[in-house]
S.K.: 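The following block contains the structure, expressed as structure tokens.
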Amino acid sequence: MLSRTDKDALAQAVYDIVRRIPSGRATSYGAIAKATGYPNLARMVGRIMKNSGDYCEDLPAHRVVNSQGILSGKEGFGHSGQMHRLLEQEGITVTGDKISNWKNVFWDPIKEIWW
């Protein structure tokens, strides 16, 4: 169980990683969890992202999806289709609620961020 201080540090690390996701790319909750050093906390990353709108207006939260490229957090964007539209505005093709060509769109923070 994480202490309040650890949870706050994790949330800040998640926000820092999400801000680095380039336009036209997306990553997963699990990849972010691994990059923060907590590989088993993908669901907690999801909760942090769900609450991110309260703290971070500039956060490109639409670029974070589940491990299969499914827009599992789309409800957090208010009205239906907003997450889908934001991704497509960046050149990412979404079919149904899933990113097409997920393997090429996937951005791995461990491989692509220089710490």
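Both backbone and side-chain heavy atoms feed into the values below; hydrogens, waters and symmetry mates do not. None of these values were measured; they are calculated from a predicted model. Numbers here simply count residues along the sequence, with the first being 1.
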S.K.: Shortest non-hydrogen contact from V105 to G24?
M.R.: CG1-O, 4.1 Å
S.K.: Contact between P60 and V18 at the side-chain level, heavy atoms closer than 4.5 Å - yes or no?
M.R.: yes
S.K.: Output all residues satisfying salt bridge (Lys or Arg N to Asp or Glu O under 4.0 Å) with D108, sequence neighbours left out; order by chain, then residue number.
M.R.: none
S.K.: Which pair of non-hydrogen atoms, one from A42 and one from Y29, has the smallest distance, and what is that distance?
M.R.: O-CB, 3.5 Å
S.K.: With salt bridge (charged side-chain N to carboxylate O under 4.0 Å, His left out) as the rule and sequence neighbours excluded, what pairs involving residues 64-73 come up?
M.R.: none
S.K.: Which heavy atom of L2 sits nearest to which heavy atom of K7, and what is that distance?
M.R.: O-CE, 3.5 Å
S.K.: L71 vs N66, test: side-chain contact (heavy atoms from CB on, under 4.5 Å). Steps then yes/no.
M.R.: CA-CA 7 Å; L71 282 57; N66 79 8; over 6 Å; no
S.K.: Under the rule for side-chain contact (heavy atoms from CB on, under 4.5 Å), what residues qualify as partners of R43, not counting sequence neighbours?
M.R.: R47
S.K.: Could you work out, with side-chain contact (heavy atoms from CB on, under 4.5 Å) as the rule, every residue matching Q89, not counting sequence neighbours?
M.R.: L86
S.K.: Rounded to the nearest 0.5 Å, how far does CG of L59 lie from CG of D16?
M.R.: 9.5 Å
S.K.: According to the salt bridge (charged side-chain N to carboxylate O under 4.0 Å, His left out) rule, which pairs have a member within residues 25-41, sequence neighbours left out?
M.R.: R25-E112
S.K.: Under the rule for salt bridge (Lys or Arg N to Asp or Glu O under 4.0 Å), what residues qualify as partners of E90, not counting sequence neighbours?
M.R.: R63
S.K.: Which heavy atom of I17 sits nearest to which heavy atom of A35, and what is that distance?
M.R.: CD1-CB, 3.7 Å
S.K.: For the residue pair A11 and I48, what are the closest heavy atoms and their distance?
M.R.: CA-CD1, 3.8 Å
S.K.: How close do T36 and A13 get, counting heavy atoms only, and between which atoms?
M.R.: CG2-CB, 3.9 Å
S.K.: Name each donor-acceptor pair under 3.5 Å that joins a side chain in residues 94-101 to protein atoms two or more places apart or in another chain, with its distance.
M.R.:
| residue | atom | partner | partner atom | Å |
| --- | --- | --- | --- | --- |
| T95 | OG1 | S100 | OG | 2.9 |
| D97 | OD1 | K74 | NZ | 3.4 |
| D97 | OD2 | K74 | NZ | 2.4 |
| N101 | OD1 | N104 | ND2 | 2.8 |

S.K.: Output all residues satisfying salt bridge (Lys or Arg N to Asp or Glu O under 4.0 Å) with D6, sequence neighbours left out; order by chain, then residue number.
M.R.: none
S.K.: Which residues pass the side-chain contact (heavy atoms from CB on, under 4.5 Å) test with A31, sequence neighbours left out?
M.R.: T27, S28, F106, P109
S.K.: Identify, with sequence neighbours excluded, every residue that meets side-chain contact (heavy atoms from CB on, under 4.5 Å) alongside D8.
M.R.: R4
S.K.: Can you find a pair of side-chain heavy atoms, one from I70 and one from W102, that are under 4.5 Å apart?
M.R.: no
S.K.: Could you check whether any side-chain heavy atom of W107 comes within less than 4.5 Å of a side-chain heavy atom of I113, counting everything from C-beta outward?
M.R.: yes
